[in-house]
Structure formats: C-alpha cells, structure tokens
Amino acid sequence: MIVEGKPHIRPCRSIPSDGNENNEWVASIPHLYDCLTVPLPLAGASALPRPRGGNESRIAAILRAEAPWMATAIDRIADQCALNLWAGRPWLSLRPMLLTGPPGAGKTHLAQRIADLSGCGSALLSLAGVSSNAELAGNPRGFRHQQPCFPAMTMLKTGTANPVVIIDEIDKAAAGNMGDPVSTLLGMLERSTAARFFDGCLAVEIDLSHVNWILTANRIDRLPAPLLSRVDVVEVAGPGPEHAELILATLWRDVARDVGLLPSALPGIERGSEAALLRLFRNTRSVRRLRRAIETLVAVSARHMSRTIN
C-alpha cells in the first residue's frame, strides 16, 4: 500500500485479545504490540540511487570505497539494488546472505556497515552457544516472559517493515531441549513462509517476508543443507596487508561514532602509535584485533588529556 507517497505494508491485520485489556496491573499483548498492526514503511530508498557520475547504488559505492576486498559481497548488493529500481520497488530488498570466512576477517563489521547504510534500521543477534530457539522465535503466550519473535521486535524498534537483521555466528548454534534456532530460521528466510509466519506471542500470522537477512559463520560444513539452500553464500577472505591504512581509517571512524564523537575529536594518534597499529594489522590481518588496539589506545590517551564538554 502507498501512504503519503511511500510504500508500506501492514505486518499484522490484528492481534487477538489475551484477556488483559481491562487489567490495570498487566499490559495486554494487543496494546504492547499494536504498532505491528499499522502500516510500516518499506525503507531504504536513499540507498538505491546512483551517486552523480557513479554506475552503481549509493550503498554499494560507499561499501566499495571502504572495503574493496569485499567485492564479491558488494557485487551481490549492487545487483539487487539495481534490480529493485528496475522493477519499480524503491526500497531495500536483499536476498538472504551468509558471509563466511575466518575469525577476524570483518564479516560482522561488513554486515553492520550494510545495516548502517541501509536506512532501514537493524538489530544483531548472536547465536554463539545458543541451544534454544527462544532468542529468535520469542516466547509464546503463557510463558512468564512472553515476547514476539526477534524480527518482529526489530520491526517494532525500527518502525520499518524491512529492517536488516544480522544473525551472527550461526554455525555455533546448537539444537537443545528448548528448540533448534536454525530450524526456526528456515521458515523466516523463505519468503513464501515468512509472509505468513505464525508468532506464538502475538497468536497471529505476521509478515516477515521483507526482512533483510545477513548471516555470518566461520565455517559452513557445520550448517545444514536446507539453510545453505536459502542463502547466498559469500566467502570473505578479509583485507590484505595493502589495505592496512584504509582499515585503520575506517575503524578509527567507527570507534569515534560508537562513543558519540567526530573522528577529529578523538585523542591525536602519534606517528609511532600509528606505525604500531599498521604493523599489528599487517602481521595478523585481524580486523577485530586492530579495533581492540585502537579502543585501548584511545582509552589510554583519554586518561591523560582533558576535554571540554559543551
């Protein structure tokens, strides 16, 4: 549907009563989650157009400038953005993608950058060590902590019908007595079933078919074939030593953003410290270790300098 000139969908038609509508001590489920029964926008239109003089979408162009070694994943995004515009769908709609590669290669960082640039809002769920589907499927009515499924909660948080949902370390999830998160995910990834996903807390079907999924894994040999058949598997080798300066600049901006500052407001980096950071990355090729080193350097530097807070 079109609302104020922009595409929207209604995730739920209505949420049935749970009997608490007149209880002043207990909030009713229909009241808590009534935002899911109104039209939500299909966002991401600003990520799709080509910058002036460019030949691909804005989101792909920015990602390529920041992480040229991620060309395969960025190519997939560029192709799908172009298809969306060609088909007259001015919102972000990506096929589910699984980024796979060694620890520290930058898989989660890339997923988060896609989410940040999407304009759709996002949420991240790590399945490392998880042996229950409650984190993903939520808890149905009757449980003490009843809550809708994770993508529904993400839609509620972002106010969009097509947020980016990052499932981190999917290969480290395990089936347990409380359910299998990977099996639950299968029904969410397949658009035909996601469009009518039954949520136990809402007690009604909800349309999850527009959610943009990005999964990460160190290995795919531990993942079931039904999951792999539902995603585009993209191998991530990580940046090479020749990308050290670019990685350092990118992570410096990320650290500044996470503490709510401009990069120029961070403590200055001395030439010797910069050389040590570049050497660390060239020796380890670990984006994660470099980021931790930057955070440590900024924290130590901040202890020895004053800053005026306006």
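Everything quoted here is computed from the prediction, not taken from an experiment.
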Side-chain cluster (under 4.5 Å, hydrophobic types only) that Leu262 belongs to, other residues: none
Within 6.0 Å of CD in Glu270, more than 12 heavy atoms from elsewhere: no
pair Glu135-Pro181: side-chain heavy atoms closer than 4.5 Å: no
Residue pair Arg230 / Trp213, side-chain heavy-atom distance below 4.5 Å: no
Member of Thr250, Leu251, Thr284 meeting the side-chain contact (heavy atoms from CB on, under 4.5 Å) criterion with Leu290: Leu251
From CA spacing to verdict: side chain to side chain contact (heavy atoms under 4.5 Å, CB included), Val204, Arg13: CA-CA 9 Å; Val204 71; Arg13 290 298 175 185; over 6 Å; no
Co-membership, hydrophobic cluster, residues Leu261 and Ile294, 4.5 Å side-chain: yes
Residue pair Val182 / Ala173: nearest heavy atoms and the distance that separates them: CG2-CB, 4.3 Å
Ile9 with Met153, same ILVMFWY side-chain cluster at under 4.5 Å: no
Taking every non-hydrogen atom, the tightest pair across Met155 and Asp207: CE-O, 3.8 Å
More than 12 heavy atoms from other groups under 6.0 Å of CG on Asn23: yes
For the student: nearest non-hydrogen atoms of Ala43 and Gly119, plus distance: CB-O, 3.5 Å
Donor-acceptor under 3.5 Å (Thr160 side chain, Cys120 main chain): yes
Any side-chain heavy-atom pair of Ile77 and Glu56 under 4.5 Å: no
Reported CG-to-CH2 distance for the pair Leu48 and Trp86, which is rounded to 0.5 angstrom: 15.5 Å
Flag if over 12 foreign heavy atoms under 6.0 Å of CZ, Arg289: no
Sub-4.5 Å side-chain heavy-atom contact between Ile15 and Asp34: no
Closest non-hydrogen atom pair between Ser126 and Glu169, with its separation: OG-OE1, 3.6 Å
N-O pairing of Glu235 and Lys107 below 4.0 Å: no
Co-membership, hydrophobic cluster, residues Trp91 and Leu94, 4.5 Å side-chain: no
Parallel, tilted or perpendicular, as decided by the 30° and 60° cut-offs, for the rings of His243 and Trp69: tilted
Leu85 vs Ser57, side chain to side chain contact (heavy atoms under 4.5 Å, CB included): CA-CA, chis, key distance, verdict: CA-CA 10 Å; Leu85 285 179; Ser57 63; over 6 Å; no
Contact summary for Pro39 and Arg10, nearest pair of heavy atoms: CD-NH1, 3.7 Å
Ionic contact status for Asp254 with Arg257, cut-off 4.0 Å: yes
Chi angles and distances behind the side chain to side chain contact (heavy atoms under 4.5 Å, CB included) call for Ile220, Asp171: CA-CA 7 Å; Ile220 64 171; Asp171 55 326; over 6 Å; no
Under-4.0 Å salt bridge between Arg141 and Asp199: no
Student check: side-chain heavy atoms of Met70 and Leu63 closer than 4.5 Å: no
Cluster link Leu42 to Ile59, ILVMFWY, side chain under 4.5 Å: no
Minimum heavy-atom distance between Tyr33 and Cys201, given as atom pair plus value: CE1-SG, 4.2 Å
Pairwise side-chain contact, Leu125 with Thr154, heavy-atom cut-off 4.5 Å (strictly under): no
Spatial distance of atom CG (Asn139) from atom NE2 (His145) [nearest 0.5 Å]: 8.5 Å
Shared hydrophobic cluster for Phe198 and Val211 (ILVMFWY, side-chain gaps under 4.5 Å): no
Nearest-0.5 Å distance that lies between atom CD1 in Ile170 and atom CD1 in Ile214: 14.0 Å
Contact check, side chains of Ser93 and Arg191, non-hydrogen atoms, under 4.5 Å: yes
CE-CD1 distance between Met97 and Ile166, expressed to the nearest 0.5 angstrom: 11.5 Å
